[in-house]
Amino acid sequence: MTTVDQSPPPSMQLRELVFGAARAAAVRAAARLGVADALDDTPMSAEDLAAAVKTQPKTLRRLLRALSCQGVFAERPDGMFEHTEMSRLLREDDPHSLRYIALWCTEPWTWNVWPKLDEAVRSGRNVFEDVYDKEFFTYLNEDAPESAHVFNRAMTTSSSQSAQDVANLLDLRGVKAVADIGGGQGHVVACLLEKHPGMHGTLLDLPGVVENADPRLRSGGALADRVRIVAGDCREDIPVQADVYIIKNILEWDDESTRRALANVRKAARPGARVVVIENLVDDTPSMRFTTAMDLLLLLNVGGAKHTRQSMVDRLTDAGLVIGEIRPVNAYLHAFECTVPG
């Protein structure tokens, strides 16, 4: 049976840390092979699992042994393997599935830019364009359609899982109109409209994004008569009037792009309008190991950054917004409640 040492000495911790790529690759391999989907509630042998996912039994056992050491799957004394809470999250049908997020964080391009982190730290800018001779999203859309698909599925997963938390957090009683700026497929605005039957909403994002909006929002959908879908770039213009503007997980670009987006919100909003900014933070949060890693990946691919509480406060204040309450949405997100001054 595979056992996990809960408190290794520092020398072993560092050895394990520098092999972090092996752990990430093992999770990616299990996700791509569909091992978690093949394993149901009944424990299975490596041989039976290998037959189900079309791999070699000996090498699959090695993969499962490595993952079991990390708490992803568990090896029983009889050599059979069973699910753990983490391995179930790799199943495509799990309601809290992280399969596409696991794939997104380990896409092929990531392995080419991580070794250049020292260059990015030294220069303070992204290294992606040095490696691929293209801006990150241009590369995804033109040269890596499979990776673009993984990105879209990962963002959909993340947004749909946090949308209900946002809806539960915000007090929108009496609000007539809400706008989800850079809202992706519109999961947040859809949840808000479902919770508040008398409210209307607007979803604004890039044309290629909103054309795949949540079915509830599109023509014939349950919420279609209460929503307007606007194709546009919030860094260029926000032609939307609303009582509440929601900006979730998009202020992670370079500082100039963030400044322009916030300036456009301020320009569009009426005095007294609420602006709710929702972001991952790299401090004051139980998810710091994840958010600080994502912060470094943002540096590498787009030259962006996750925010500290203070850096977010500084940017919102510089935009002329009046900051009220700051509170957690869940273990990963914080909401900054702001108003547009009169």
Engineer: Who pairs with K306 by salt bridge (Lys or Arg N to Asp or Glu O under 4.0 Å), at least two apart in sequence or on another chain?
Structural biologist: E252
Engineer: With a 4.0 Å cut-off on N to O distance, would you call R32 and E146 a salt bridge?
Structural biologist: yes
Engineer: For D254 and S257, test the side chains for any donor-to-acceptor distance below 3.5 angstrom and give the result as yes or no.
Structural biologist: yes
Engineer: If the condition is salt bridge (Lys or Arg N to Asp or Glu O under 4.0 Å), which residues does D130 pass it with, not counting sequence neighbours?
Structural biologist: R125
Engineer: Quick check with a 6.0 Å cut-off and a 45 degree axis cone: is R235 positioned over the face of W253's six-membered ring?
Structural biologist: yes
Engineer: Is it the case that N280 and N249 place a side-chain donor and acceptor less than 3.5 Å from each other?
Structural biologist: yes
Engineer: Would the number of heavy atoms belonging to other residues, nucleotides or ligands and lying under 6.0 Å from NZ of K134 be above 12?
Structural biologist: yes
Engineer: Please check if the distance between the ring centroids of F136 and F128 is under 6.0 Å.
Structural biologist: yes
Engineer: Would F151 and F137 count as a close aromatic pair, with their ring centres under 6.0 Å?
Structural biologist: yes
Engineer: May I ask you to say whether K267 pairs ionically with D237, meaning some side-chain N is under 4.0 Å from a carboxylate O?
Structural biologist: no
Engineer: Applying the 4.5 Å side-chain criterion to the ILVMFWY set and letting contacts propagate, would L90 and I101 be lumped into a single cluster?
Structural biologist: no
Engineer: Answer yes or no: is there an ion pair linking R327 with E337, defined by an N-O contact shorter than 4.0 Å?
Structural biologist: yes
Engineer: Identify all side-chain donor-acceptor contacts of residues 178-186 below 3.5 Å with residues at least two apart in sequence or on another chain.
Structural biologist:
unit_1 : atom_1 : unit_2 : atom_2 : d
Q185   : OE1    : T156   : OG1    : 2.6
Q185   : OE1    : H187   : NE2    : 3.4
Q185   : NE2    : N212   : O      : 3.3

Engineer: Do the rings of Y139 and Y132 sit parallel, tilted or perpendicular, given the 30° and 60° boundaries?
Structural biologist: tilted
Engineer: Side-chain heavy atoms under 4.5 angstrom apart, residues restricted to Ile, Leu, Val, Met, Phe, Trp, Tyr: same cluster for L204 and L262?
Structural biologist: yes
Engineer: Scan side-chain atoms only and decide if S147 and E107 contain a donor-acceptor pair under the 3.5 Å cut-off.
Structural biologist: yes
Engineer: Output yes when K248 and E279 qualify as a salt bridge under the 4.0 Å nitrogen-oxygen rule, no when they do not.
Structural biologist: no
Engineer: Is the number of heavy atoms from other residues, nucleotides or ligands under 6.0 Å of K176 NZ greater than 12?
Structural biologist: no
